[in-house]
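First up is the structure itself, then whatever we jot down about it.
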Amino acid sequence: MAALPKRIIKETERLVSDPVPGITAVPSDDNLRYFHVTIDGPDSSPYSSGVFDLELYLPDDYPMCAPKVRFLTKIYHPNIDKLGRICLDVLKDNWSPALQIRTILLSIQALLGAPNPDDPLANDVAEDWKQDEKRAVQVAKEWTEKYAKSKEIATTSTTEESV
Amino acid sequence: MSDTEGSNTGSEFDVSDFEYDDSDGEYYQGDNENFEAIQSYSKSLKESGCKQWRLAEFIQENFVDRVDKLHIPSSKASKEELLILLHHCNWDEERLINLYYDGADELKENAGLLRSPIPGFQVRDDFECSICCNLEPSTKVFSLSCHHEFCLSCYYNYVKEELPKGKLIRCMIPDCNLSIPHALVHQICKLNNNSESVAMDNLVDNELLYYSANLYVIRHHDTFRWCPAIDCQNLVQMDLTARLAELDLDAIDPFDKNYRGSDSEVKIVTCSDGHEFCFSCKFENHLPCSCSIVRAWDRKVTDDSETYSWLEVNTKGCPECGTNIEKNGGCNHMKCFKCAYEFCWICLGTWEEHKGFYNCNRYVAPLPQEEKEMKKKRRYLDRYMHFYSRFMEHQSSMAWDLKTLKSIKKTTEEYMHEKATDSTKTISYNEIDYLQESFKLLVRGRKTLKWTYVFAYYLTKSNFRSIFEQNQDFLNALVEQLSELFEKIQTSQDNMKLVVQLRTDLVNVSKSVTNRRLKLIEAAREFLQRGLITFDEGF
């Protein structure tokens, strides 16, 4: 494998030494371009009780091309489809090489806090969201409880480990 | 053509209209008539209201000249700035002027106009680029008036990535909206290739304008087409008045009994370099076939041909039921999986006669009945292979013809070169320059011939099919004759002498090819229009 570009090494180092609150990104042992990511559901959103697993891959042309990011945890959100693919401008047309893994993950976290049913990826979810937002929020909460890791358990398990 | 009497078909149509007198087998002596046919054909192409563009002309007229003509009172925008503004407005002056008067500052900001001075290219010591994170003692950097500096190689990679989108390229910082001027885009592309100083090239060679032209063509797809020929960068523009409604090939069913073809379906245009193509479906000149037939064929070929060729080579049809059988063991005693018929793989005769001895080593001419027994399925396959192989044969012949031309071209050029010093060489350029023209006509003839096989494949049986096939034979004979003449020249010892000798032949035959070709196309069109022929896909 070609040597890892300095940019990726630097970003990885910073993700470890200066982590973003509520977000973890750990490179895989066998492929340093592949990251295991977790994002805490933002407070005051229907996802607030859960921790979501994602995968992130840096393609060969990174940083000229956006990283590829996908949700691994099932989630009820108008801009995230069944396969976990995310509709987000900075992952597509609005990508800029000056953006980074951390900024992208922050954007995804922000997307959880501000669903945009007018520019949907999962059409059925967006439809529900528009017709009866209260109910949709309720479903999103239920899914979070059902599929996402619970924040409390995640925190306790880490504290236990550190003890 | 005796079976084409009206009484046979129940039609009152007089088929003699479509019989062309070719009986004398002589070359056409009077050039006038044929010239007229060719001229009226090319004239009709021009009258179809299309305009030919070379890429540079297109950029000059549609982008650069427009900027020159643009006049916005009370604006002090430079040409460079106007180019950015117009690009931002998708080369729509009206939109630009409206936006300008709605709010000049807002427009300028959205378009990303720079504030001068622009730092541009600099060299920095101990610079760490925030994109690649490389730290070098000395780095070439680039920045716009926002002073967001990045190393040149990152900028180059970024520009390379952005160029194909055809839109203005902005500073890499997401919220910084500044656009890189066109000339600087060009310099970034060039400077990275280590050429130190870059002269300001003409704008028609500008990379960004090239991709912008590409985007423009995509957006104006109803009137513009790129020439589909390989490495050809010409454009053809259809006049708005003559323009076709966007053709929905899916809605056309050529196998409907009422299909009559349509002149609006096929629109053959020619680019500045003489490449003919169909404006509607972007294929090469596929006459006499209509676009919908071409599509059906294309689909069939991509779907089936590989399978078919494999079947043809590796299987034999069961003599009883026609099922394709692959031999996967050593023994020649075959038993059909479907009908349980037992036969010999070598002679395809019944195994009954092979018990204990092989009499199939003796040659016996096949009985006509045996052929009749060949079942339908196998016949369809054979029929398809018949047309497909001829189609492909001409396709590859076209490639050979091209090789021939190249070699002839080389020898004539060499001759002309030597002529300057050798007084024994007296042939003038006028005497050989017809070669290329004749050759073009050969290629076109072959192309038409190639497509006649597709046409014939789908054609249902009728007397008019026989006429069509006869026309096809005539064209085939002439095309081969012409091709042979070219080959003769190529292989002869003193080919220059032969070029002069064969001149009359070449001119005559190539004209006959064209004449025959146009008549075939016209006849096919008319047959179809009058409902005399129909197509069937269910073979």
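Excluded from the calculations below are hydrogen atoms, water molecules and symmetry mates; all remaining heavy atoms, backbone and side chain alike, are included. Order of the sequence lines sets the chain letters (A, B, ...), proteins ahead of strands, with each chain counted from 1.
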TODO: Tell me the residues of residues 9-19 of chain A whose non-hydrogen atoms fall below 4.5 Å from those of chain B, in number order.
DONE: A:Lys10
- [ ] Check whether any side-chain heavy atom of B:Lys165 sits under 4.5 Å from a side-chain heavy atom of A:Asp93, and report yes or no.
- [x] no
- [ ] Give the minimum heavy-atom separation between B:Ile173 and A:Ala98, together with the two atoms involved.
- [x] CD1-CB, 4.0 Å
- [ ] Would you name the heavy atoms of B:Glu161 and A:Met64 that are closest together and state the gap between them?
- [x] CG-O, 3.8 Å
TODO: For atom CD of B:Glu109, decide whether the heavy atoms of other residues, nucleotides or ligands shown that lie under 6.0 angstrom number more than 12.
DONE: no
Open item on the list: Tell me whether A:Arg85 at atom CZ has more than 12 heavy atoms from other residues, nucleotides or ligands lying less than 6.0 Å away.
Closed with: no
Task: Shortest non-hydrogen contact between A:Lys6 and B:Leu135, atoms and distance - done: NZ-N, 4.0 Å
TODO: Pick one of side chain, backbone, both or neither for B:Cys171, based on which atoms fall under 4.5 Å of a heavy atom in chain A.
DONE: neither
Open item on the list: Using 0.5 Å steps for rounding, measure from the OG atom of A:Ser96 to the CD1 atom of B:Ile131.
Closed with: 6.0 Å
Open item on the list: Does A:Asp29, at its CG atom, have more than 12 non-hydrogen atoms belonging to other residues, nucleotides or ligands within less than 6.0 Å?
Closed with: no
Open item on the list: Tell me whether A:Arg7 contacts the main-chain N or O of B:Cys133 through its side chain, where contact means a donor paired with an acceptor under 3.5 Å.
Closed with: no
Open item on the list: Take a 6.0 Å sphere around CD of B:Glu57 and say whether it holds more than 12 heavy atoms from other residues, nucleotides or ligands.
Closed with: yes
Open item on the list: Given heavy-atom pairs under 4.5 angstrom as the criterion, report whether the side chain, backbone, both or neither of A:Pro63 touches chain B.
Closed with: side chain
Open item on the list: Looking at B:Asp68, I'd like to know if its CG atom is crowded, meaning that more than 12 non-hydrogen atoms belonging to other residues, nucleotides or ligands lie closer than 6.0 Å.
Closed with: yes
